[in-house]
**Student:** 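Structure below; questions to follow.
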Amino acid sequence: MKERYNPQQVEQKWQRYWQERDLFKTEEDPSRPKFYCLEMFPYPSGRIHMGHVRNYAIGDVIAHFMRMNGYSVLHPMGWDAFGLPAENAAIEHGVHPKKWTYDNIAYMKSQLKRMGFSYDWNREIATCHPEYYRWNQWFFIKLYERGLVYRKESFVNWCPSCSTVLANEQVIDGACWRCDSEVTQRQLPQWFFRITAYAEELLEALDELRGGWPEHVLAMQENWIGRSEGVELDFPVEGSEESIRIFTTRADTIFGATFVCLAPNHPLAEELAEDRDGLQKVTAHYGETEEKIGIFTGRYAINPLNNERIPIWVANFVLMEYGTGAIMSVPAHDQRDFEFAKRYNLPIKVVIVPESGTLPEPLQEAFEDYGVLVNSGAYTGLSSREAIERIGRWAEERGIGKRTVNYRLRDWGISRQRYWGTPIPIIYCDRCGTVPVPEKDLPVLLPENVRLTGTGFSPLATVEEFVKTTCPSCNGPARRETDTMDTFVDSSWYFLRYCTPRDGEVLKPEALRYWMPVDQYIGGVEHAVLHLLYSRFFTRALRDIGVVEVSEPFKRLLTQGMVCKETIRCPEHGWLFPEEVEGDRCKRCGREVSRGRTEKMSKSKKNVVDPEYLINRYGADTSRLFILFAAPPETDLLWSDQGIEGCHRFLHRLWNFVETHRDSLSIKVRELEVREGAAPLYRKVHQTIKKVTEDIRERYQFNTAVAAMMELFNEISNFSPVSDEDRAVLREAIKNLIVLLAPFCPHIAEELWQRIGEAPSVLEQPWPRWEEEWVREPEVELVIQVNGKLRGKETVPAGLPEEELKERALSNENVQRFISGKEIKKVIVVRGRLVNIVVN
RNA sequence: GCCGGAGUGGCGGAACUGGCAGACGCAAGGGACUUAAAAUCCCUCGGGGGUUCGCCUCCGUGCGGGUUCGAAUCCCGCCUCCGGCACCA
């Protein structure tokens, strides 16, 4: 009796089997090559979404593939478990963040298990666990001792909705990366990681990643680090001992400087500005982009190159955080200065002209290109490039400046005024000042009895027994730091923790040496600068304190595309779920809906598909297969309800085939004999092994690998065996197909493997090998062109000499029509492929 | 504005170093089975023209040029879309 494919039953059976045998447990095995396959760990928001499914399906294929190829594979999973949503849930629903988080973890873990991913769950980590975050604290202290962590009062990005500070990387278009609220500026004392100390290294090392990382991620990081070479130069302040140091990349325009601008929070601004109210007003608009405003300080500076006396201004668009916090303003050659000069009627002086010609005066806009210097004293006539070089040298010789490099990258502010995060291990003592918590007192535990209100003040400050402590150095009364760390600290090194997840005392160097770096990292592009840059920095910082030997954490990076789906919109009721629509009309109001553009699946746009629904309806194998088949991994994937049906159909057909031919498929033969009629099928088997292997190994093209398996199955279905020898070939074909399919659809592969009489587990089978002689076709179709146009085809034995191919081509009937009576100028022969006859 | 990527049937996408454009899948149309439907199976499926129904032929990979015996693929110039950066001196 033929049994019907029941995914639920099959999947549960094999998930239980894997779990009982702990099949995916990993240990360091020096006798085998290692492979560290890592997918970005999820935030435990409650349920997994299609983005997770795609990310983890890709990772699982790679992990299985490498295992079957004899590698010792580390494939772990864990939870990025600290963060705001837990705290917000607490404020809204009164449930403790810890409970909320651990409940979510338990549920999502069960979902991941139902998807059948091959994680070594023995290595599971959660960043909110004290044995995890103690290392955040330990690293913090070590880096503090090395001067890579410091505290300073500064303007910070403040999200009023999240009631906390954001790092620069977390502000997108002036809005919070998480909730989209407009970000404002606040002045607060903050802890910083000195990522800028590694700016040059982080930039230079990008070159080593080329090839293994996608080009656009490298470009984004390069942009973000934003290196620029220039000159620092002192402009003495008239009637004062002070001078203003400016930074410029365009020293060639210095003779065109008609004023100097200070950032409002520049130390000299306060001192020089006469108009207090004016200064305050500029300060209030600091960093705003809508409008350039400024005030004249009433004082003058001297241009060191021509001794010209130019006014000193304070302007809101000059940033203290970049360069020296002061600029020389050259309105003729800088658009920002041009706009500022126009507004305040400051002189505009042309000192650069294009190599050919002049500039139309008065200028309508700044001329920012390189060119030739005019009105520039001894430098007149030089090219911009030369002038920059010479002026830089001149300043260095005179000791009034130097050539320098500036970076757009800022230090990473990690203080957060929130509860659900790692406590910063610092103690403030009136007598000893700022004292780090001694190593032996770690971890500084996050207290659980806390009232969360979301008022914007650190919740920990209200927990008296937490705040009140004694100073580790003088034993006097002292207070603890009450801010917690940015959660990106947690994820900046979690890949190291997987190597020794349970060792309470140390990150074992042997384990790190064996497993690091991550050989393949997989995740979304949204972390191109944030997480990926922080991790590269952190790994280097930890290298410098002797924790790890590698500098780059991720050798290869694959950024998977988004999962998208069509959106539906009602003019009255906004976004709609498909089930809220009937015949293009909104069920509620009857108005016609518009099928909007396809966009990334999101709850707010109601275009989501719940993975759990798919598992229940089609099973994990079908879901995984479709998501791998529908698009190459880096491309955005357009969800299609019919598409998944197609993949389900394929698995059904495969199942039915095995069930129908079960008897003949379980006959084993000692030696395979491939007769005439079975040779094409047997060749297809070897061609498919080759194609699937190379698609996975070299190109990560899972869609074409799946297509190749479908092709093989089509050929299997069309094959009619006429002998036992043929049946043995058929069995061989099915057997190989099942093994090839195993990384994609492990459950059905296990089941079919067993049903053709093989012993489990198919996942422990060696990856099949192909034989080149069976990949080659004995006959090839020769394409014959005349003047590059297809004029005929001939089936010829492979490996014919050129002469013969040429002859066959020339004698082809249809070809004759096109060449008769014409002069043959040339014949190009590509062996095994084509002949092109050139006539005039 | 600067940087990165992409434009191929009705749709998702194939085509490896320049060598048969459209693999595989979806949708659509036709047929078989069935009382019927679902499921399954078979056939057709870029467009135009011709046909003795074997096939022949012209056009076709965003647009315009170029290199080449031969271009989806390489080069030059545009257009469109997506992503990143952007008052960074």
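In the text below, chain A, chain B and the rest are named by the order of the sequence lines, each starting its count at 1.
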**Student:** Which nucleotide, if any, forms a Watson-Crick or G-U wobble pair with B/rU52, using both distances under 3.5 Å?
**Tutor:** none

**Student:** Testing A/Ile627, A/Val563, A/Leu614, A/Ile58 for side-chain contact (heavy atoms from CB on, under 4.5 Å) with A/Val53, which one passes?
**Tutor:** A/Ile627

**Student:** Classify the nucleic acid contact of A/Thr635 as base, sugar-phosphate or nothing, counting any heavy atom under 4.0 Å across all strands shown.
**Tutor:** sugar-phosphate

**Student:** State yes or no: are the ring centers of A/Tyr344 and A/Trp313 separated by less than 6.0 Å?
**Tutor:** yes

**Student:** Would the number of heavy atoms belonging to other residues, nucleotides or ligands and lying under 6.0 Å from CD of A/Glu779 be above 12?
**Tutor:** yes

**Student:** Is there a side-chain contact between A/Asn714 and the phosphate of B/rG25, meaning an N or O under 4.0 Å from OP1 or OP2?
**Tutor:** yes

**Student:** Mind checking A/Tyr286 for me? I need base, sugar-phosphate or nothing, with any heavy atom below 4.0 Å counting as a touch.
**Tutor:** nothing

**Student:** Look at the side-chain N and O atoms of A/Arg791 and state whether any lies under 4.0 Å from the OP1 or OP2 oxygen of B/rC20.
**Tutor:** no

**Student:** Starting the side chain at C-beta, find the nucleotide from B/rU57, B/rG4, B/rA15 nearest to A/Gln701.
**Tutor:** B/rA15

**Student:** Looking for any heavy atom pair under 4.0 Å, which part of the strands does A/Lys292 touch: base, sugar-phosphate only, or nothing?
**Tutor:** base

**Student:** Answer with base, sugar-phosphate or nothing: what part of the nucleic acid does A/Arg831 contact at a heavy-atom distance below 4.0 Å?
**Tutor:** nothing

**Student:** Of the nucleotides B/rC3, B/rC20, B/rA86, which one has an atom closest to the side chain of A/Gln785?
**Tutor:** B/rC20

**Student:** Could you let me know what B/rG1 is paired to, Watson-Crick or G-U wobble, both distances under 3.5 Å, or none if it's on its own?
**Tutor:** B/rC85

**Student:** Evaluate the salt bridge (Lys or Arg N to Asp or Glu O under 4.0 Å) criterion for residues A/Arg227 and A/Glu222: first the C-alpha distance (whole Å), next the side-chain angles of each, then the deciding distance (0.1 Å), finally the verdict.
**Tutor:** CA-CA 8 Å; A/Arg227 182 183 202 274; A/Glu222 207 173 310; over 6 Å; no

**Student:** Searching all strands shown, indicate the nucleotide that pairs with B/rC78 (Watson-Crick or G-U wobble; both distances under 3.5 Å).
**Tutor:** B/rG62

**Student:** Indicate, with a heavy-atom threshold strictly under 4.0 Å, whether A/Pro632 touches base, sugar-phosphate, or nothing.
**Tutor:** sugar-phosphate

**Student:** Pick base, sugar-phosphate or nothing for A/Thr324, based on heavy-atom distances below 4.0 Å to the nucleic acid.
**Tutor:** nothing

**Student:** Under 4.0 Å, heavy atoms only, any strand: does A/Asn814 hit a base, just the sugar-phosphate, or nothing?
**Tutor:** sugar-phosphate

**Student:** Can you tell me the pairing partner of B/rG29 across any strand shown, Watson-Crick or G-U wobble, with both distances under 3.5 angstrom?
**Tutor:** B/rC43

**Student:** Determine the minimum heavy-atom distance between A/Met328 and A/Thr253, stating which atoms define it.
**Tutor:** CE-OG1, 3.6 Å

**Student:** Could you tell me whether A/Val217 contacts a base, only the sugar-phosphate backbone, or nothing, with contacts defined as non-hydrogen atoms closer than 4.0 Å?
**Tutor:** nothing

**Student:** Counting only Watson-Crick pairs (N1-N3 plus N6-O4 or O6-N4) and G-U wobbles (N1-O2, O6-N3), all under 3.5 Å, who is the partner of B/rG9?
**Tutor:** none

